[in-house]
Amino acid sequence: MHLEINLFTHLILLSTLLFLAGCGHEPTDAELLAQDRLELQGMLATNKIMSWKFVKMAVRASAAPADNPELQAFKAKGDPLFARIIRLEDKEKKGGSANVLDYIGLYRDYLTLKAFVKKTDEDIFPTLTEALGEAYSADSIPTKVILTPSERRVQQNLEHTAFSTFALLTQDIGTEIAFYECVEIEPQYLPDTEVKTLLSFFQSFVFLEKGLFYLSEDVLTYNLRWLETHDTVPLPFMQTALQQSGLDSAKTGIAYHGLNHLVRGLDRLMMARDIDQERALQDLQAFVDDARKAGLDNEVVWMVQAYLGMQQEDSNAAIAALQKLKASPLLGADEKAALDETILYLDDRDPDQALNKVYDNVLMAKIFGQYMLAQLVKIDWKQLMLDHDVPYTEEIFATIDRIQEIIKNIDRYTDTDVWEDVGSEVGQKVIVEGEKMTEEVTEEVTEEGGNLWDRIKAWWNE
C-alpha cells in the first residue's frame, strides 16, 4: 500500500475536511478514509522508520538494473553502505564485530540520502531476494535470482510481511517498524491463496492497533468480500493458529470469516458516528454466529457475548460470559479488576453504567489485541515462505537480524549525548595481554578513549 501524497494535495484534503466539519456536515466513509490516509503519512516520517527504510533500500539497490538511471544513481551512493554491511558480515564470520566507526559511517551515509529515502517507495528496487542472490552468487548461493514483474510483486509482499511480523513480535525494534512494513503490503495484487487473505487480516490488525480505524475497516471489507467469493480456498496456517480449538478445514474457514467481522466490528466501535455503532453491532453478532457454527468457545467469544448481552440489557448472559473471561490467563490484573467492577454494575441491573464506566471499547480492543498476538505468534511466517518455495528465505531472515542490529547500533552510536559514556565503555573493555590492567595503563586507556571521541566528534561535524 503506497500512499505518498504531495504537500499541495495534503493541504487541499485537510482544508476540505476542516471546512466540512465547520459546516456541521457529518463526514462520509470516503472522507474519513481520506483523513486516515493523511494521518498515516505523518506516522511514517519518524527517524527510526527512515533509517530502517534507508538500510533496506541500500541493500535492494545493489541489484538495480543497469538500464535504469534513477536506480543506478541511488545505487552509486548506496553501494558504500551495502559494502559496509558485507564487511560487517565478513568480520563476524572471522570472529570479529563491528566497531563504533562502522555504525557512525552508516549514519553519515544515511544523512546524505535522507531526502531521497523519504520521498521514494522502496519497492521500485529489486527485492531483497534478488539483492541477496546478486551479492552471494559467487559465494554460498550458486545462482542469481531473476524474477518476473508478477513474481517480484508476490515476493516483496512476503518480505514486507516477514519483516512486519518479526518486528511486531520483537521488543528490540517493535511496532514502529512493524507498522511501516505493514503499510507496504499490497495483498490485493497477490494470487488467490491463503497468503493473500492472511496478509490482509494482518494488515488490518496493525492498523487497528495504530488507531487507523477507517483504513482497517477498508482492508477488512475487501477481505470479507474475497473470503465470501473464495470460500473453498484451504487455510492450513490459520488452522494451525486455531489448532487448540480442534477445528477441521471447513470450520476453520467459518471461524476465520468470523474473526474478520470481529476486527471490523471493533474498528467501528471506535468510530464516532451512530451509523458506525449500528454497523459494529451487526459485525459482532456475525462473529458470534460464525463462532457458534464453528464450535469456538474462547476469550474473544466471551468478550463479545458479554458486550452484546449488555447492549441487549441481558445481564445474566453478560455476567456468565464475564466470569469465563475473568478466569483467562491472557488477562492481567488491571483487566480482571475492570471485569469485577463490570459484574458489580450488572448485579445491580445497570448495564449502561457497566458499558459507560468500565467495559468500554478500549478494554475490548485491549483484550482482543492480547488474544490475537497470542494467535499470530503461532503462525510460522518463515515456514509459510518456505512452503511457497520463496528462494533465499533463510538469507532473508538472516538479513532481518542484521538490519535489526544495525538500526539498534546506529541509534546508540549516533547519539552525541552518550559518546563520552561509550568512550569510557571502550576503556573498561580493553584487556592487556589477558592480564589485569595496572592503574597506570587504565589511566592511559581512559585518556586515549577520550581523545578517540574528540576525534569522532570532529570528524562527524566535518
Side-chain angles (χ1 to χ4, degrees), residues 1-7 37 39-64 68 70-85 88 103-132 135 152-153 155-168 170 172-186 199 203 206-207 210 212 396-414:
M1 181 181 294
H2 307 299
L3 302 169
E4 196 68 42
I5 301 176
N6 65 43
L7 179 60
R37 293 185 191 280
E39 289 182 20
L40 174 61
Q41 289 302 303
M43 292 179 178
L44 294 175
T46 69
N47 284 332
K48 189 168 188 177
I49 288 175
M50 289 299 104
S51 298
W52 175 271
K53 182 179 173 184
F54 165 64
V55 175
K56 285 188 67 188
M57 285 173 63
V59 175
R60 294 177 70 168
S62 66
N68 189 315
E70 183 184 19
L71 299 192
Q72 281 294 316
F74 181 85
K75 180 180 184 297
K77 295 178 181 178
D79 273 350
L81 168 61
F82 188 58
R84 286 182 195 274
I85 294 172
L88 297 186
Y103 290 112
I104 294 177
L106 293 178
Y107 193 66
R108 288 191 73 190
D109 291 342
Y110 162 64
L111 292 178
T112 64
L113 294 167
K114 185 176 180 180
F116 180 82
V117 171
K118 187 173 183 178
K119 71 179 183 180
T120 303
D121 173 13
E122 67 165 278
D123 285 335
I124 67 172
F125 293 100
T127 63
L128 281 171
T129 300
E130 292 167 296
L132 292 170
R152 180 173 292 128
R153 181 167 269 166
Q155 177 63 20
Q156 69 195 22
N157 273 278
L158 288 170
E159 289 174 2
H160 287 309
T161 305
F163 276 104
S164 185
T165 310
F166 184 87
L168 187 66
T170 302
D172 292 330
I173 49 180
T175 56
E176 245 185 297
I177 301 305
F179 178 57
Y180 163 72
E181 293 290 349
C182 181
V183 170
E184 291 294 300
I185 298 171
E186 297 179 294
L199 295 192
Q203 190 176 59
V206 174
F207 284 153
K210 296 296 284 188
L212 296 169
I396 288 169
F397 276 82
T399 302
I400 289 174
D401 291 336
R402 162 57 52 212
I403 294 179
Q404 173 189 342
E405 186 67 21
I406 287 171
I407 297 301
K408 280 170 58 181
N409 283 305
I410 283 178
D411 287 344
R412 179 184 180 209
Y413 292 130
T414 57

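Side-chain contact between Q203 and H160: absent, with no pair of heavy atoms (C-beta onward) separated by less than 4.5 Å. Using a 4.5 Å heavy-atom threshold, the side chains of Q41 and V183 count as separate. Counting only heavy atoms from C-beta outward, the side chains of D123 and R60 approach each other to under 4.5 Å.
Smallest separation of non-hydrogen atoms from K75 and A64: CD-CB, 4.1 Å. Shown here for L44 and I49, the closest heavy-atom pair between the two residues is O-CG2, 3.5 Å. Of all non-hydrogen atoms in A63 and A131, the two that sit nearest each other are CB-CA, 3.7 Å.
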* Start with the C-alpha gap between L212 and F179, add the side-chain angles, then the distance that decides, and say whether side chain to side chain contact (heavy atoms under 4.5 Å, CB included) holds. => CA-CA 11 Å; L212 296 169; F179 178 57; 3.7 Å; yes

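Going from atom CD of E130 over to atom OG of S62 covers 10.0 Å, rounded to the nearest 0.5 Å. Note that the CZ atom of F74 and the CD1 atom of I124 stand 9.0 Å from one another [nearest 0.5 Å]. A distance of 11.0 Å separates CD of E122 from OG1 of T127, quoted to the nearest 0.5 Å. We find the CD-CD distance between E186 and Q156 to be 6.5 Å, quoted to the nearest 0.5 Å. T120 OG1 to E70 CD: the interatomic distance, rounded to the nearest 0.5 Å, is 6.5 Å.
At distances below 3.5 Å, at least one donor-acceptor pair connects side-chain atoms of E159 with backbone N or O atoms of L128. Between the side chain of K53 and the backbone N or O of V117 there is at least one donor-acceptor pair closer than 3.5 Å.
Between F116 and F125, the ring planes are perpendicular. Angles over 60° get that label, and only those under 30° would be called parallel.
T129 and Q155 form a side-chain donor-acceptor contact under 3.5 Å, judged by distance and modelled atom types alone.
With a 6.0 Å cutoff to the six-membered ring centre and a 45° limit on the axis angle, K56 does not count as a cation-pi contact of Y180.
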